[in-house]
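Heads up, the thing below is written out as C-alpha cells.
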Amino acid sequence: MILTGMGPVDRIETAAGKIFAALYALFSGVAFLSIAAVLFAPVIHRFLHRFHLDLAAGRESDRR
C-alpha cells in the first residue's frame, strides 16, 4: 500500500511501528526502482547500441 500512495490503513501510534513503516517505505522504494532497472536495462542497452551504430556509420561515410 505504500507504493500505491494509499498510505497506512490505521494510525500508527507506537514508535516501533513508525520506525518499521519508515524502513519498509525506504525498502519498497529501493526494491521497486531496482526491479524496474533490471527489467528495462536490456531494452535501453539495445537502443543505445543501435543509436551508437547509426552514428558511427554516419561518421565513417563522411570521412570518405
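In this text, all values refer to a predicted model and were calculated from it rather than measured experimentally.
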Give the minimum heavy-atom separation between [X] and [Y], together with the two atoms involved.
X   : Y   : value
A25 : S28 : O-OG, 3.1 Å
E13 : K18 : O-CE, 4.2 Å
I12 : A21 : CD1-CB, 3.7 Å

Query raised in the report: Would I35 and V30 show up in the same hydrophobic cluster when neighbours are defined by side-chain heavy atoms closer than 4.5 Å?
Result: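 Looking at the clustering, V30 is in a separate group from I35.
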Query raised in the report: Hey, what's the ring geometry for Y24 with F27, parallel, tilted or perpendicular (30° and 60° as the breaks)?
Result: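 Aromatic pair Y24/F27 classed tilted.
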